[in-house]
Amino acid sequence: MLGKEQEGIVIEVQGGIAKIKTTRHNDCENCGACPGNSAIVISANNALGAKLGQRVAIEVKEVNFLKSAFIVYILPLIAIFMAA
């Protein structure tokens, strides 16, 4: 499945997890669910052994975007109708 690819810089490595600082993409800017307006930090599996300070490419699967959109937009509507 295809996803969104972005570049970022590794800012921390702990075991098999790397924390990557990246800029927000258009989908994030349109959603607005994440705090902040310019950069985000993502935790990702570090299967390739990226090191501190390296520039890396990350990919987020489309299915995660669809789940996020459902939780942010549709689930509250369902809850309102159930409560009514």
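This chain uses plain numbering: 1 for the first residue, then up along the sequence. Below, each value reflects all heavy atoms present in this structure, side chains not excepted, and no hydrogens, waters or symmetry copies.
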Visitor: Phe81, Phe70: one ILVMFWY side-chain cluster at the under-4.5 Å cut-off?
Guide: no

Visitor: Between Asn46 and Val13, what is the shortest heavy-atom contact and its length?
Guide: ND2-CG1, 3.7 Å

Visitor: To the nearest 0.5 Å, tell me how far Ile11 CD1 sits from Lys19 NZ.
Guide: 7.5 Å

Visitor: Identify the two heavy atoms, one from Glu12 and one from Leu52, that lie closest to each other, and give their separation to 0.1 Å.
Guide: N-CD1, 3.7 Å

Visitor: Donor-acceptor check, side chain of Thr22 to backbone of Glu7, threshold 3.5 angstrom: yes or no?
Guide: yes

Visitor: For residues Ile80 and Ile74: do they belong to one hydrophobic cluster (side chain heavy atoms under 4.5 Å, members Ile, Leu, Val, Met, Phe, Trp, Tyr)?
Guide: no

Visitor: Which heavy-atom pair separates Val10 from Lys51 by the least distance, and what is that distance?
Guide: CB-O, 3.5 Å

Visitor: Above 12 or not: heavy atoms from other molecules or residues under 6.0 Å from CG of Leu48?
Guide: no

Visitor: Between Ile40 and Ile20, is there a shared hydrophobic cluster once you connect ILVMFWY residues whose side-chain heavy atoms come closer than 4.5 Å?
Guide: yes

